[in-house]
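Report on the structure given below.
Values reported hereafter were calculated over all heavy atoms of this structure, with side chains retained and with hydrogens, waters and symmetry mates removed.
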Amino acid sequence: SQFDMGLLMWTTFAVIAAGLSSEAAGDVAAAPPPPPPPAPLIALSAGFGSGMVLQHSTPVAIYGVVNATGGTPASVQVTVAGGDVYSVAAVVTGSTWKASLRPAPAGHTEYSITVSCVAGCNGAVFRNQTEVVIDRVVYGHVWFCSGQSNMALPLYFTFSRPTLEAAVLAGKYSNIRTFQYGGMSDGPSFYSESPKYVTTDGAAPWWNVSAAAAQPSPVVKGHIQLSPFRSFSATCTYFAVGLVDLGITDPIGLIQAAVGGTQIEAWLDNETLTTCKNESGWNFNASGANVGYGITSKLYYGMVTPFVNRSLAGWIWYQGENNCHGDPGNSLLKTGYGCDQVALVKLWRKMWSTSSGTTPTAPFGVTSLAAGGSEGAGQHMAAIRWSQTGNYGRLPNAAMVNTFLAHAYDIGDPWSSGCGTCNCSHPDPATGKYGPTCVAWDDSAWNPSVKPVAPLVRNDSAPFFMGPIHPRFKHEVGRRLAIAMLQNTSGPTLMGCTATTTTVELRFDPTALTSGEGLVVQPFNTNISEWGNRGDDSSSLMVCSTGSGNATTCGCLGWNYLRVPNPNDPSNPGHDSSLWYCENGPGWKPRLSDERLVRRRRYEAEFGFASHESPDRLGWRPGSNGLLSAWSPAPMTPTTVARDGNSPLAVVVDTSGVNGTVLSVRYGWPFASDTCCPQASITAGLEVCRPASCPIMSDTTNLPLNPFFATLTTDHKCACTAPQVCDQ
């Protein structure tokens, strides 16, 4: 896995304090420790505790474990005080108990909850064995944040952390409370082969962000021990910050359950996995059969099921990097990631709504993969992002109702192409000056949504966590999620297009935008001679024409590669080569079983998993895909497109410089260079990649265009691959 970390990361102040106490002890002889207190006979399940947030205006469950003694069945009573004092009897099943609390409105009234074993615990010696008391409990909006490393990434590794921390310490955002269930590399500690609906594993405190930010982050033996504020999920926190910035004053509770280096299959149950084909890139044997390789379902059972009885406002999901080596798939065909993404939303909603007071169609937010997050399988990035929408190209849609989306394809790390010796992201320590080859800093063209962070980006102020695969621009992810959820917007979305001999008119759906909102076309350098050498591709608008392309090269939605034996020397695998083929679209395909086997072995070679084949017989990635030369950028005049009622908003693309007839057009759909900053000065690390720099944005919410791939029909209209529709 990519997450064999050299960085020792402690994530709670309790652990910090324990570490410092050990340090302080030194060589002084310690008195014998006192005997441990008697084990409690009743306890709360993980996620319940003082300072927690419960979901408002719905019956909420509270539950835990009880150990009856003396052969008498246990009876458990729960008493709530804060408004009207009331008590309810819990249902005891075996060694677990569960009680349903009355609905309460959102607000800052604090409650105390007492859980008592009123019978069957007669062997207790002390009261704290038979009673649990928690306080400072409030009712508000509870969100469950899950996924892999870019969800688990701590606030510490983001540009906006110092600004946010100062605001929190000054009293802002005090309505946000957090609970962290595990961390970046804690997956194995939570693996389970079966559901753990009630568990005390992973129990940790709830934190109000004000108190969490006030805790220290000391360096002990060369390792920073992050405070509970700095260690919490950046994406999850910035989402809540975005909600507050948009006017939410009620308490917001955040539950983080995310593990780095995981696939979506780890977060689905075994039954759901049988409904989708081509699950992951290395779950197949030579016959193409799924052999269950990896940690399939173990995190669903170990990190999700403990919370399905708990009422929620909704979920935030950020995952997909470790599925890039697998099949992007299509939900319509019930294959790959597209099927899994739709299935995960349905499964989680079903489990929560059946077990708690969570609404059956509660909001579900998704973050698309950021630039640079392909795990070495960049040829699949566009298709994975498409599959993150269930292949509809937008959220919400018919298969994923009441969902919302934050795109990150245009907000990869701004210094991902840093040149260590050029001193462009940092001044030269010897001179205090930036390098002579650096492009002069100019933030005048930065999009308004990201410009406030420009000074922090200028000096590369945030530390990296394992490099650009974890972009440090998470504040914008949270802002986009909050806007998409509260303002019910999909962002700019293609609804159709028309081509002439010299132009392509793109038409965008006005109903996908907020009321009265229009578009802005930002300046973008389409002079390909000034681009870098990473395949001459970008996430901006690209067109393919008959001048250098054909039905395959222009109609292929996704490419892959396969090892090809050398026909002149089949006994020498060292002389073999690889070829690109159209994986999703027209053209030749390898046999599916061969493709699966080679894909699995290639992953084993790249990530160190055992293989019965010697490494020199495995497939490898060709340097570049020469078939992409059929594609070229096409300019759009920088402008603002004003809203005219519910009429489509139009942007005209100049194709007069394109050789031949345009056959296809794509946007936010890179095949090689996954970037909105293809200029050579940026790819060389001499200039920052300006966030949100792909050209088409909404003009009020500053959301990027939903990616699309469209072919031109014989009547010169757009057509997208089902289930996405763009022929209106």
Practice item. Using ring-ring contact (aromatic ring centres under 6.0 Å, His included) as the criterion, list what pairs up with Phe508, not counting sequence neighbours. Key: none
Check your understanding: Which pairs, with at least one residue in residues 679-699 and sequence neighbours excluded, count as a salt bridge (Lys or Arg N to Asp or Glu O under 4.0 Å)?
Key -> none
Review point. Any sub-3.5 Å donor-acceptor pair from Thr403's side-chain atoms to Gly365's backbone N or O?
Key: no
Give the table of side-chain donor-acceptor pairs shorter than 3.5 Å for residues 475-485, with sequence neighbours excluded, one pair per line with atom names and distance.
from, atom 1, to, atom 2, distance (Å)
Glu476, OE1, Arg479, NE, 2.8
Glu476, OE2, Ser449, OG, 3.3
Glu476, OE2, Arg479, NE, 3.3
Glu476, OE2, Arg479, NH2, 2.8
Glu476, OE2, Arg480, NE, 2.9
Arg479, NH1, Thr701, O, 3.0
Arg479, NH2, Thr701, O, 3.1
Arg479, NH2, Asn702, O, 3.1
Arg480, NH1, His407, O, 2.7
Arg480, NH1, Asp410, OD1, 2.8
Arg480, NH2, Asp410, OD2, 3.1

Check your understanding: Should the pair Phe709 and Phe671 be assigned to parallel (<30°), tilted (30 to 60°) or perpendicular (>60°) ring geometry?
Key -> tilted
Exercise for review: Applying disulfide (SG to SG under 2.5 Å), name anything that partners Cys726, two or more places apart in sequence or on another chain.
Suggested key: Cys720
Exercise for review: Evaluate the ring planes of His470 and Phe465, with Trp represented by its six-membered ring, and classify them as parallel (under 30°), tilted (30 to 60°) or perpendicular (over 60°).
Suggested key: tilted
Review point. Would you find a donor on one side and an acceptor on the other, under 3.5 Å apart, between the side chain of Trp559 and the backbone of His380?
Key: no
Review point. Can you find a pair of side-chain heavy atoms, one from Tyr581 and one from Thr552, that are under 4.5 Å apart?
Key: no
Check your understanding: Would you call Arg458 and Trp441 a side-chain contact if the rule is heavy atoms closer than 4.5 Å?
Key -> yes
Review point. Under 3.5 Å, side chain of Glu321 to main-chain N/O of Gln148, donor-acceptor pair present?
Key: no
Review point. So with a 6.0 Å cut-off around NZ of Lys451, is the heavy-atom count from everything else above 12?
Key: yes
Practice item. Examine the side chains of Thr500 and Thr503 and answer whether a donor and an acceptor come within less than 3.5 Å of each other. Key: yes
Check your understanding: Can you tell if the side chain of Tyr409 reaches within under 4.5 Å of the side chain of Cys694, non-hydrogen atoms only?
Key -> yes
Exercise for review: For residues Val688 and Trp446, determine if any side-chain heavy atom of one lies less than 4.5 Å from a side-chain heavy atom of the other.
Suggested key: yes
Point to revise | Pairwise side-chain hydrogen bond (donor to acceptor under 3.5 Å, both in side chains) hits with a residue in residues 718-728, at least two apart | key: Trp386-Gln724
Review point. Under a 4.5 Å cut-off applied to non-hydrogen side-chain atoms, are Met400 and Thr389 in contact?
Key: no
Point to revise | Donor-acceptor pair between Ser425 and Tyr434 side chains, under 3.5 angstrom | key: no
Exercise for review: Report yes or no: do Gln388 and Tyr318 form a side-chain donor-acceptor pair below 3.5 Å?
Suggested key: no
Practice item. Calculate, to the nearest 0.5 Å, the distance between atoms OG1 and CZ belonging to Thr700 and Arg643 respectively. Key: 9.5 Å
Practice item. Among residues two or more places apart or on two chains, list those pairs meeting side-chain hydrogen bond (donor to acceptor under 3.5 Å, both in side chains) that have a residue in residues 538-551. Key: Asn550-Thr553
Practice item. For side-chain contact (heavy atoms from CB on, under 4.5 Å), just list the numbers for Asp340 and Glu265, CA-CA rounded to whole Å, side-chain angles, deciding distance to a tenth of an Å, and then say yes or no. Key: CA-CA 8 Å; Asp340 288 331; Glu265 289 85 357; 3.4 Å; yes
Check your understanding: Within the distance-only criterion (no hydrogens, no angle test), does the side chain of Asp537 pair as donor or acceptor with the backbone N or O of Ser632 below 3.5 angstrom?
Key -> no
Check your understanding: Does Arg472 make a cation-pi contact with Phe464 (under 6.0 Å, within 45 degrees of the axis)?
Key -> yes
Practice item. Assess the side chains of Thr335 and Asn330: does a donor N or O sit below 3.5 Å from an acceptor N or O? Key: no
Check your understanding: Do any N or O atoms from the side chain of Thr526 and from the backbone of Ala634 form a donor-acceptor pair under 3.5 angstrom?
Key -> no
Practice item. For the pair Ser698 (side chain) and Leu703 (backbone), establish whether a donor and an acceptor sit closer than 3.5 Å, ignoring hydrogens and angles. Key: yes
Exercise for review: Ignoring hydrogens and angles, tell me if any N or O in the side chain of Thr655 forms a donor-acceptor pair with the backbone of Thr502 under 3.5 Å.
Suggested key: yes
Review point. Hey, does the side chain of Asn150 reach the backbone of Ile469 with a donor-acceptor pair shorter than 3.5 angstrom?
Key: yes
